[in-house]
Structure formats: C-alpha cells, structure tokens
Amino acid sequence: MSASQYFSDIFRVAKSICIGMSITLKYFVTYKKNLCTVQYPKEREVIPPRHRGIHYLETEKCVMCWKCSDICPVDCIYIEGARGADGVLEGGYRGQKATLAKFTVDYTVCIFCGLCEEPCPTKCIWLGPDFDYHSTDRTMMEKNLLTDAVYTEEDEKFVDWARGENERLQGETKRRQEEEKAKQAAEKEKEQKKGAVEKGKEKPKGDSQAKKANKGKNKS
Amino acid sequence: MTATSDIRTEEMLLNMGPQHPSTHGVFRVVIRTDGEMVIESESHIGYLHRCFEKCAEGNNYIQVVPYTDRMDYLCAMANNLAYSETVEKLMGLEVPERALYIRVICSELNRIASHLMAFGTYGMDIGAITPFLYAFRDRERVLKIFETICGQRLNYSYIRIGGATFDITDDVLRDIQTFIDYFDPVILDEYDRLLSYNGIFISRTANVGILPADMAISYGVTGPSLRGSGVRRDLRKDEPYCIYDRFDFDIPVGTGEMGTIGDCWDRYMVRIREMRESAKILRQALRDIPAGLFCEKKAFRAVKPPKGEVYHKVEGARGEVGFYIVSDGTNQPYRCKARGPSFSNISVLDALTSRGDCMVADMVAIIGSLDIVMGEVDR
Amino acid sequence: MSGTFLAASGVDALADLAGGWNTSREQGGLYIEYLIRDVVGLQIADSVITGASILIVCGLVFGFLNVFALWAVWAERKISAHIQCRLGPMEVGPHGALQTIADGIKLIAKEDIIPRLADRPLFILAPIIVFAGVLIRFVPLPFGPHLIASDMDLGLFFIAAVGSIEVLGVIMAGWSSNNKWSLFGTIRTATQMVSYEVPIGLAFVTVIVSYGSFSLVDIIGMQGGTLAGSLSSDGMPQEGWFWHWTVFRNPFLALMFLVYTVAGLAECKRAPFDLPEAESELVSGFHTEYSGMRFGLFFLAEYGVMYIISAVAACMFLGGWWTGIYWIDQIGLGADASPVGVVFGILIKAGCLISKALVLVMVQMWVRWTLPRVRLDQMMHLCWKVLLPASLLCFLGSCLWELLFGGGAFLGAGAVVR
C-alpha cells in the first residue's frame with residue numbers, strides 16, 4: 001500500500017464518518033418534526049375504511065347460503081341454523097331469510113384474507129377496523145358474531161339444543177307432511193271409490209298430484 | 001520446547017442455528033472455522049416448510065391466492081401477480097387496462113418496500129442500527145398506502161385472478177405521488193451519505209463474497225444478486241409481462257465501483273438504484289393510468305381453467321418468481337409448483353464461503369447481501 | 001515526581017502550584033482520611049478512621065456509578081430514539097426518567113441461570129472481577145477540586161495499569177460459559193482491549209511528559225492558566241482562560257485527543273468497535289449466558305468504563321474543572337475567599353468537570369448509533385497501523401514543540417511558565 005493510498009484511505013473514511021454523523025445530528029435536533037411513532041394505547045392512528053380486521057355480521061341480512069364458509073381458504077367460519085324465516089327455531093337469531101343458531105369465526109385460524117366479503121349476495125359480512133382482538137386462552141379466540149362476544153360454553157349448549165331442535169322440528173314437519181299426504185291419498189281413494197261406485201271405473205292417480213306432494217316436502 | 005510446527009490449532013465447528021439474529025429467518029448454517037476464517041459451511045433449510053404446494057392442491061384457484069402471499073411475505077404483490085397471471089394465461093383471460101396499471105403500481109411500490117427492508121436489515125447486520133429505523137420510517141409510509149388500498153399491510157391478497165380486488169381512488173394516487181416526491185431525491189441521497197458511502201461499510205462489504213457471473217448463472221441466481229455480478233438480466237425488460245414494455249427505465253448493474261464486480265457492495269447498491277428506477281416507473285404509471293374497470297368480475301365467481309399446463313414468471317424483488325400450474329379441468333389445481341428465487345440464491349452461499357477467504361463476520365455480510373426470505377426458500 | 005521535566009528546564013513555580021491543591025499526597029491514603037484526621041481533627045483510633053473512610057469512599061464511588069449508570073442508560077435510550085425519529089421510553093416517570101430503575105428491579109428479580117456445563121467458580125467470579133476493575137479506576141479520578149478518593153502520585157499510571165484486570169474478567173466470562181459463540185467474543189475482546197491499550201498508554205505518556213506529573217489533579221491544576229507572569233504570589237494561577245487547556249497547547253496534542261477518543265471507544269467495546277458483543281453475529285458475545293444481576297454487573301461496568309474514559313479525557317485534554325472563563329473560575333480561589341464562596345466555587349468546578357465528561361459520553365453514544373461495526377482484521381489494522389504511528393508521531397511532535405517553543409501555547413500567547 002503506497003503512502004498516498006494510506007493517507008487517502010484514512011481521509012476518505014474520516015470524511016464519510018463526519019458526513020454520516022451530521023445526518024444523525026440533524027435528526028437528533030429535529031426529532032419532534034420527524035416523529036414517526038405514536039404512543040400506542042393512549043394515541044391511536046386513523047384506521048382506513050378498507051382495513052381487514054375482525055368480522056362484523058349484519059344478522060338480519062344473512063340468508064345462510066354458506067358461500068363465505070365455502071370460499072374461506074382455511075375453513076374458519078362455522079354456520080348453523082335454519083333457512084326460511086317462518087319461525088322454525090325459537091330463540092335463534094331471526095333474520096329476514098334465515099334463522100341462525102351459530103355463526104362463529106375462529107380467530108386462531110382466520111388469516112384475514114377478506115375472501116369471505118366477496119361472494120356474499122347480501123353483503124352482510126365484512127371485515128372491520130379492530131385489529132387488537134386478544135385473549136389469554138386459546139379456547140376463547142372463537143368469536144360469536146351473533147352476540148359480538150366470545151363463543152362460550154353456553155353458546156355451545158344453545159347450538160347443541162338448536163341442532164337437536166332443528167332435527168326435531170324437521171322430523172315433525174316431515175311427519176306432518178307424510179300424514180297430510182296419507183290423508184290426501186286416503187281422501188283420494190275415497191273419492192275414487194265413490195267415483196268408481198258411481199261410474200264403475202278407477203281413476204289412476206295423476207302425475208300432477210304426485211308432483212304437488214313432492215313440492216310440499218321440499219318447501220319444509 | 002516444542003517447535004512451532006508442532007503447535008497445531010484445532011478447527012471449530014460452529015452452529016449458526018435456526019435462531020440467530022442475522023440469518024434472515026429460520027436458517028441453519030454449520031460452519032467449520034479455523035479461528036475467524038471459515039473453511040467450509042453447510043446450509044440446512046426446511047425450518048419454514050408449510051406445504052404450500054399441497055395446500056394449493058386442496059383449494060380452489062381463488063382460495064390459493066392468500067397462500068401465495070405468505071411465501072415471500074415481504075414482496076407479496078409479486079407473488080400474487082405471478083400466480084394470477086399464470087392462471088389467466090391458462091384460462092386465456094384478458095384483464096382490463098386499468099387493472100394492469102394498478103398491478104404495475106402495486107408491484108413497484110412493493111419492490112420499494114422490500115428493498116427498504118433489505119437495506120435496513122443489511123445495515124443492522126453490519127452493525128449500523130440507525131439506517132434500519134430510517135428504512136422502516138419510510139417503509140411505514142408505503143405500508144400505510146397499501147392499507148388504504150387493500151386493507152392489509154403485509155399479506156395483501158389484492159391482485160387476484162381477473163384484476164384487483166378494489167379500485168384505487170384518486171386520493172390514494174395523490175398519496176403515492178406525495179410519497180415518491182418525498183422519497184426519490186431526498187431520502188435515497190440521505191441513505192447514500194449515511195450508509196452506502198460510509199468508509200467502514202465499504203470496507204466491510206467491498207471485495208467480500210465475490211460472486212462471478214458464470215457461477216451466478218450456473219447456480220440459477222436471479223434478481224439483484226445476479227445483476228450485482230454484472231449480468232444484465234431483468235424479466236421486466238427481457239420477457240415483458242403486464243405492460244412493462246410501455247415504461248422507460250434502466251436496469252442497474254454492478255460495476256465494481258468500490259471493489260470487484262459481484263461483491264456484496266455491488267449487490268447492495270443494485271437494490272438502492274433499483275428503488276430509484278421503481279420510482280421512475282411509478283411516476284410514469286401514475287401519469288398514464290386510465291379510467292375503467294379494475295377487474296373481470298366473472299373471474300371472482302368461478303375459475304375453471306381448461307386442461308393444460310403453463311409456466312409463467314415475474315420479476316419479484318428477489319428475483320424470478322415462477323408458477324407452474326397443471327390443470328385437470330376442475331376448479332382446483334392438479335399441481336401447483338412455485339419457484340422461489342431465494343431458494344436458488346441461497347444455494348450459492350456454501351460455494352461463496354468455502355473458498356477460504358471468508359471470515360465469520362463476512363458470512364453475515366454475504367447472507368445479508370443475498371437478501372433471502374425463508375418463506376420463499378422453504379415454501 | 002512533580003515538576004521534574006519542567007524543573008530541568010528551569011521552572012520551580014510548578015512545585016508550589018502542585019502543592020496548592022491537595023496536600024494529602026505526601027501522606028498518601030484516602031483524602032477523606034486526611035480530612036477527618038488532620039483537618040477536622042477527630043480524636044479516634046487511626047484504624048477506625050481508615051476503615052470508616054474506606055467504607056465511605058466505596059459507598060460514594062459505587063453510588064456515583066449507579067447514579068451515572070441510571071442517567072447514562074436513560075440518555076442512551078433517549079438519544080438513540082431521537083436520532084431514530086421516535087420518542088424512547090415515556091411510560092415510567094416523566095419522559096421515562098425512572099425507566100432504568102424499573103430495568104434494574106427487573107434484572108434483580110430474574111432467575112439466576114448458570115449453565116450446567118459452565119465452570120461455576122469462574123462464571124461467578126468473572127462479573128465481579130470486571131466490575132472491580134472498573135470501580136478501582138475511580139480512585140485517582142477527581143470529581144472536582146478537593147473531591148477525590150485519593151490523590152495518588154501515580155494516578156494516571158494506576159488507571160492504565162488496573163484497567164487490565166477487566167480484560168482478565170472478560171476472558172474468564174467467555175471461557176467459563178462453555179459456549180463457542182462466547183469464546184469467539186472473548187478472543188475478540190482480549191485482542192481488542194490489549195491492542196488498544198497501547199495508543200491509550202501513549203496518550204497518557206504524552207500528557208504526562210508535557211506536564212511532568214502523573215497526578216490528574218496536577219494536570220488539571222496546570223491547565224488553569226499558567227502563563228508566565230500570571231501566577232499570584234502564593235503560586236496560584238491568575239488566569240482562567242480556555243486556551244490554556246491541553247488541546248490548545250500544540251496541534252500534536254489536539255491530534256492526540258482525537259487518537260485517544262478513538263482508542264477509548266475501543267476500550268469501552270462500543271461501536272464501531274463492539275465486536276466482542278456484536279449483536280448480529282454473536283448474539284451477545286462473552287455475556288450471552290449471563291442473566292439477571294450478573295448481566296447487570298457487566299452492564300454497569302460498561303457504563304463505568306465509558307465514564308472513566310470520558311472523565312480522563314476531560315481531565316487530561318479539556319481542562320478538567322476549569323470552565324475556561326476567568327471570572328467564574330476565580331470564585332472561591334484566593335486567600336480572601338469566603339467559605340460560602342469556596343463551597344460555591346467547588347460546586348461549580350465539580351459540575352463543570354462532570355458536565356464535560358457527560359458531553360463526551362454523549363458523543364460516544366452519538367458515534368455508536370451512526371457507524372457500522374468494523375471487522376476484526378480492520379480493527380487490528382486501525383490500531384497497529386494507524387493509531388500507533390499517529391500516537392508516536394504526536395508524542396514526538398509534542399515533546400519537540402515543548403522543547404522548541406518552551407511550552408508556549410500555540411493558540412494562547414506567550415510562554416507557559418518561565
């Protein structure tokens with residue numbers, strides 16, 4: 001290493017150090033103008049409207065189409081209830097088109113991707129501005145969107161009851177429909193027998209009547 | 001009295017373990033050293049393997065988009081873009097003009113954010129802690145813009161098959177313009193004076209970890225690490241995708257200004273210069289963005305590409321991000337292979353450090369200059 | 001010992017000057033002991049006075065070190081925060097002033113972990129030795145006129161020599177941790193601290209030769225304006241201007257100040273020379289395995305060395321307790337000063353000395369948060385190929401200057417003492 005290179009190295013390093021230190025000194029002196037942090041719990045920043053945080057559900061609009069649950073990449077939305085708002089379930093959350101027994105999101109699984117907002121036909125589920133949803137227990141991280149609270153054991157009991165109740169009600173409806181069908185069939189037979197007695201002929205059952213009976217079953 | 005030749009030093013086997021302040025992510029290197037000089041190193045990866053490719057097989061094409069975010073989490077827009085463009089290529093879907101401009105704007109902003117992170121963490125690895133905070137202060141502005149656009153700061157899932165999820169409003173475009181005016185001349189000059197031309201930083205990074213061009217090409221290195229070795233290859237210019245051929249920008253290449261071509265300083269400087277070029281592209285895009293649709297709505301409902309296979313690649317912040325998708329006609333991919341650039345970039349580490357002129361401190365400098373993200377390496 | 005060099009050039013006033021500041025030097029021992037026994041005149045057994053004064057001195061020095069560390073940690077966090085465009089600690093106390101106390105309580109309350117395969121006696125002894133090495137160095141360091149533990153004849157020599165104990169402690173810490181990364185840190189530390197003691201030693205030697213005394217009190221006293229014709233009849237300086245300080249005496253001493261600052265940074269293991277505790281490479285270097293108050297002792301020792309280096313620089317080069325303004329310096333001096341004036345003068349001078357040391361500590365912090373870390377071979381190149389020739393050159397130049405110009409200050413006017 002030649003002498004001039006030695007001295008020029010030292011000079012170059014010293015000069016760059018002085019330039020660097022002047023930049024930090026400038027920021028040290030003007031820090032109040034250049035502050036880029038907020039004192040978090042006391043001051044908060046403005047959250048933009050499209051921020052993807054905790055879900056919110058407008059319960060009356062939900063039609064229980066299960067589209068948000070299907071599109072979710074990690075399957076963290078759990079929905080249960082009864083379609084149709086004709087008072088099938090007592091005690092569920094009655095909306096315009098469906099009665100919901102359970103609508104929860106498991107936040108230990110949710111990745112806040114926002115895919116569930118898109119397919120909803122009534123735009124009733126959306127991701128809101130809360131980002132500091134927390135708990136000290138992993139079991140408490142499932143949020144019941146119907147009550148906007150943590151999904152607890154009582155909720156689970158209600159859902160079990162609702163499930164059982166739903167099955168019972170559906171069973172009843174099915175039974176009722178079958179009874180009606182049988183009654184109709186019996187009436188028909190009586191009429192036919194009357195008709196047969198009157199006219200001496202048996203009328204076969206028409207296809208239209210069978211279709212009507214099936215339609216009734218599907219509606220329930 | 002023992003003769004000098006009888007005094008032998010032993011080699012030491014060091015484990016730069018999965019948890020270490022300067023391996024960027026969970027990455028393990030087993031180093032055999034003689035004092036401070038590294039004789040040989042052996043990398044072990046796989047600590048962040050999350051079965052992305054298997055998950056992609058079990059989900060719809062639309063549902064895979066959030067998974068692609070999490071591969072290279074620092075440059076998520078590029079991953080989203082690569083995957084979306086691959087599926088669109090398979091489907092033959094045309095994306096509206098405005099959506100293309102939105103994609104370019106988001107890609108370049110994300111490139112700036114990713115290079116800022118690389119710059120900050122590299123300074124911290126070398127020992128200068130303040131540039132890290134300055135980089136994050138500026139990165140914060142970019143992330144705020146992203147939050148206004150799509151609602152998230154890191155895992156956007158914004159660029160989807162068919163376009164973008166939301167439209168960009170005019171005040172967001174104004175915010176981006178303000179940011180570029182603040183960032184481009186002023187801040188980048190400051191970074192140069194604080195870190196890039198600092199004598200101690202130069203002596204730590206110049207002539208260290210020299211990656212010759214032929215070795216880089218044979219290992220499959222892409223991105224700024226390749227351009228730092230003097231090879232002028234950038235997918236945005238060589239195989240333009242998504243209207244990059246309409247923009248006028250340079251490709252910065254390492255020139256050996258402070259040491260040799262292909263040393264750590266060159267790779268670092270290529271990233272700083274690329275930030276300037278990204279700002280140039282952003283200015284042009286903001287000027288030219290047309291009004292119109294921002295997505296193809298039908299692609300949001302159902303994506304069912306015809307049978308076939310396609311490979312498409314995109315220039316991410318770290319190199320060539322590629323997706324190879326095989327479709328069997330259903331709405332789930334049959335096979336989705338992702339090519340992460342960091343995987344090839346990091347394969348060159350063992351060769352660089354086993355040449356016998358690398359010290360343990362240099363090892364940290366080399367890993368930092370390759371700018372790896374373990375999410376991409378392990379997927 | 002005092003005044004030998006300049007006495008050979010025909011100067012006698014210095015002996016009187018030296019004597020005017022502190023007369024305990026002939027007896028040796030602690031200054032407090034001298035105060036209690038001779039000045040106050042308490043009639044108690046000698047051993048009791050000696051024991052009590054030792055305890056008092058230990059308590060005062062340890063207390064000062066703690067208070068200084070309290071301030072220094074807070075200042076470091078605030079300075080680093082302001083440089084980085086943020087606020088730093090704001091929660092505990094007004095603007096985070098009590099944060100260090102909270103940190104100290106946390107450290108004390110932590111679990112004391114000793115690795116199973118670590119060498120227990122060495123592991124436990126290492127922080128104690130490091131801390132002791134730092135604490136002992138406070139003995140000949142003045143905090144103001146008449147505020148010194150013991151005005152030793154060999155003050156500066158003592159500081160330089162005892163500082164080597166710290167190297168031993170650091171080596172013990174790294175070796176006993178049974179951790180290869182700690183060993184790395186240890187080897188780097190040993191190399192670094194031992195190498196940089198040479199330029200520091202040469203800086204000490206240059207100043208000692210210029211003033212002819214090892215005692216820091218003497219050196220400060222002679223910076224109080226020792227122009228010919230400016231001494232009063234009882235040998236006390238009459239001038240108090242700042243151009244009598246060492247840095248302004250000749251350009252070689254100014255360069256020596258720079259060399260000493262750089263070498264002092266390396267002694268403290270502060271950036272850009274923090275290879276021993278390089279966070280991004282070695283996790284924490286030689287004190288990786290230490291937790292709780294053991295780590296607290298290393299931490300206190302680091303800040304202690306920072307203060308010592310800065311205070312010694314302030315004493316040797318920047319005029320010690322002289323404010324540099326004549327009228328302020330004259331408060332409390334002279335034979336006709338009132339007791340209130342004397343106390344007030346002592347307080348001002350003590351404040352001045354401590355402030356100078358604190359300013360230098362803040363400069364050290366400023367440098368730490370700006371510069372990256374040097375590599376081991378670059379650090380050795382800097383020490384042996386840059387700082388050592390520079391310090392030898394300054395030593396030679398300074399001696400020649402003194403001989404040629406008879407000690408005339410190059411920024412002040414006239415000869416020093418003739």
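The sequence lines fix the lettering, A, B, ..., with proteins before strands; numbering per chain opens at 1. Everything numeric here is computed off the predicted structure, so don't read it as measured data.
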Can you list the steps and then say if A:Lys143 with A:Asp106 is a salt bridge (charged side-chain N to carboxylate O under 4.0 Å, His left out)?
CA-CA 6 Å; A:Lys143 186 181 179 202; A:Asp106 190 353; over 6 Å; no
The interface call for B:Tyr156 against chain A, heavy-atom contacts under 4.5 Å, is backbone
Given heavy-atom pairs under 4.5 angstrom as the criterion, report whether the side chain, backbone, both or neither of B:Arg160 touches chain A.
side chain
From the list A:Pro49, A:Ala14, A:Cys72, the residue making the most non-hydrogen contacts under 4.5 Å with chain B is A:Cys72
Who wins among A:Thr37, A:Leu115, A:Val13, A:Ile19 for the most heavy-atom pairs under 4.5 Å with chain B?
A:Leu115
If one checks every heavy atom of B:Arg153 against chain A at 4.5 Å, the contacting part turns out to be neither
Can you see which heavy atom on B:Asp181 is nearest to which on B:Pro185, and at what distance?
O-CD, 3.6 Å
Pair B:Tyr268 and B:Phe201, ring centroids less than 6.0 Å apart
yes
Relative to chain A, which segment of B:Asn59 carries a heavy atom at a distance below 4.5 Å: side chain, backbone, both, or neither?
side chain
Validation row, ring centre A:Tyr107 to ring centre A:Tyr133 under 6.0 Å:
yes
Using non-hydrogen atoms only, which part of A:Thr24 is less than 4.5 Å away from chain B: side chain, backbone, both, or neither?
both
At a 4.5 Å cut-off on heavy atoms, which part of B:Phe136 comes close to chain A: side chain, backbone, both, or neither?
neither
Check this for me: does any side-chain nitrogen of one of B:Glu57 and B:Lys54 sit under 4.0 Å from a carboxylate oxygen of the other?
yes
Below 6.0 angstrom between ring centroids: does that apply to B:Tyr191 and B:Phe119?
yes
Is it the side chain or the backbone of B:Leu133 that comes within 4.5 Å of chain A heavy atoms, both, or neither?
neither
Can you tell which of A:Ile17, A:Ile111, A:Leu127, A:Ile47 has the highest number of heavy-atom pairs within less than 4.5 Å of chain B?
A:Ile111
Is chain A contacted by the side chain of B:Thr130, its backbone, both, or neither, given a heavy-atom distance below 4.5 Å?
side chain
Name the option with the most non-hydrogen atom pairs under 4.5 Å to chain B; the candidates are A:Pro73, A:Gly20, A:Ser16.
A:Pro73
Once the angle between the rings of B:Phe323 and B:Phe52 is folded into 0 to 90°, is it parallel (under 30°), tilted (30 to 60°) or perpendicular (over 60°)?
perpendicular
Can you tell whether the side chains of A:Glu58 and A:Lys123 come within less than 4.0 Å, N to carboxylate O?
no
Proximal component of A:Phe131, with respect to chain B [non-hydrogen, under 4.5 Å]:
neither
Scan side-chain atoms only and decide if A:Thr104 and A:Asn144 contain a donor-acceptor pair under the 3.5 Å cut-off.
no
